[in-house]
Amino acid sequence: MTWVAMQGTFPYFCSQLNNFQMSIQQVAVIGAGTMGNGIAHVFAQNGFSVRLIDVNNAQLEKAIQTITKNLDRQVSKGTLTEDQKKSALSNIQVFNEVNAGVSNAELVVEAATENTALKLKIFQELDSYAPQNCILATNTSSISITKIASATKRPQQVIGMHFMNPVPVMKLVEIINGYATDKKVTAAVVEMTKKLDKIPCVVNDYPGFIANRILMPMINEAIYSLYENVAGVEEIDTVMKLGMAHPMGPLQLADFIGLDVCHSILQVLHQGFGNPKYAPCPLLVNMVTAGKLGVKTGEGFYKYVAGSKDLVVSDQFRVQG
Ligand SMILES: NC(=O)c1ccc[n+]([C@@H]2O[C@H](COP(=O)([O-])OP(=O)(O)OC[C@H]3O[C@@H](n4cnc5c(N)ncnc54)[C@H](O)[C@@H]3O)[C@@H](O)[C@H]2O)c1
């Protein structure tokens, strides 16, 4: 680009960035799965207008049912009124196409399946259809923000917003700066996160960021301990719950996150750092291949029966005796 052309672009570019100071009101959430429905829930509950987008209509229906059920629980606990619940639900509209869903968005939070090729494709689409000053955030657990940003012509407006599961309950949002993320974008996202009654924590873009760089090796080590028969499922989880005051053992947490998600994050860490210490345990690989993904498929290290809160070890790991 010549200097003459740049002279024309620079003031325009700055005025676009200043727009991020304005308060964000219109939000689009891409993906209505485990995380997407929770993210839509917290935005809607805090007065934002939300467009929830998924390619799968059944998933959109299920998401609205889940959000309604979770809001009902808040009403029954007395943390929300019936009117607040109605207002939250009325703030959500569902869409099954990205282009229509993001047409008026000031912020997009992408929470689609953890797959690099898919996310690059979605961000290319977002770059085409989302308004020019719209901030594009991703809830990825581990894929490089810098890489996702490279699929767009506005890498300065791409940022990680890593919500924790379950979103309506967990306070932390890990905010991840990509290599090119503009500081004003980070500031706008930090301010907006506080409006969701969440605590933002800003980190930089290296594999696994902070949360998963530390959590996933612990989960993998717990799976290795089971694989090497050092202890059983309940023993491993009990040591970490009672000994380290963790609210949930690492194997139960892995089931909750989804074993496929854990597996793909470990692969990102393994490839990203080139260090064999991050290689997924063969038992985890086997379980993912066998479709035992944890809570979402009804079985992982534990068995999950609809309506039951009992924690029952999967038959595969029961000690015979
Ligand atoms: N599950 C967790 O505990 C957790 C925690 C933090 C972050 N994350 C991240 O959040 C993201 C979503 O994870 P999840 O567990 O909610 O996954 P999920 O499988 O429950 O849901 C993903 C959804 O994305 C939809 N989708 C796929 N392609 C799409 C497209 N092109 N456009 C719109 N929707 C599309 C699917 O239909 C599905 O409903 C991932 O990046 C994951 O790494 C997950």
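Remember, it's 1-based here, ligands and their atoms both numbered in the order they're listed.
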Do Ile236 and Leu226 have side-chain heavy atoms sitting under 4.5 Å apart?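 Ile236 reaches Leu226 side chain to side chain.
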Heavy-atom side-chain proximity of Arg51 to Val29 below 4.5 angstrom: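 Side-chain contact under 4.5 Å: no.
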Using the side-chain hydrogen bond (donor to acceptor under 3.5 Å, both in side chains) definition, which of the options Glu299, Lys292, Lys303 pairs with Ser314?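 Only one of Glu299, Lys292, Lys303 forms a side-chain hydrogen bond (donor to acceptor under 3.5 Å, both in side chains) with Ser314, namely Glu299.
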Can you produce the list of protein nitrogen or oxygen atoms under 3.5 Å from a nitrogen or oxygen of ligand 1, alongside each distance?
residue	atom	partner	partner atom	Å
ligand 1	1 (N)	Ile257	O	3.4
ligand 1	3 (O)	Asn165	ND2	3.0
ligand 1	8 (N)	Ser141	OG	3.1
ligand 1	10 (O)	Asn139	ND2	2.9
ligand 1	16 (O)	Thr34	N	3.2
ligand 1	16 (O)	Met35	N	2.8
ligand 1	20 (O)	Thr34	N	3.0
ligand 1	20 (O)	Thr34	OG1	3.1
ligand 1	24 (O)	Thr113	N	3.4
ligand 1	37 (O)	Asp54	OD1	2.7
ligand 1	37 (O)	Asp54	OD2	3.4
ligand 1	39 (O)	Asp54	OD2	2.6
ligand 1	39 (O)	Gln59	NE2	2.9
ligand 1	41 (O)	Ala112	O	3.3
ligand 1	41 (O)	Glu114	OE1	2.5
ligand 1	41 (O)	Lys119	NZ	2.8
ligand 1	43 (O)	Glu114	OE1	2.8
ligand 1	43 (O)	Ser141	N	3.4
ligand 1	43 (O)	Ser141	OG	2.5

Give every residue pair that meets the salt bridge (charged side-chain N to carboxylate O under 4.0 Å, His left out) criterion with at least one member in residues 72-93, sequence neighbours excluded.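 For residues 72-93: Asp72-Lys85, Glu82-Lys85.
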Tell me which pairs pass side-chain hydrogen bond (donor to acceptor under 3.5 Å, both in side chains) where either residue lies in residues 213-234, with sequence neighbours left out.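 The answer is none; no pair qualifies.
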Residues forming a ring-ring contact (aromatic ring centres under 6.0 Å, His included) with Phe43, sequence neighbours excluded: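 ring-ring contact (aromatic ring centres under 6.0 Å, His included) check on Phe43 returns Phe48.
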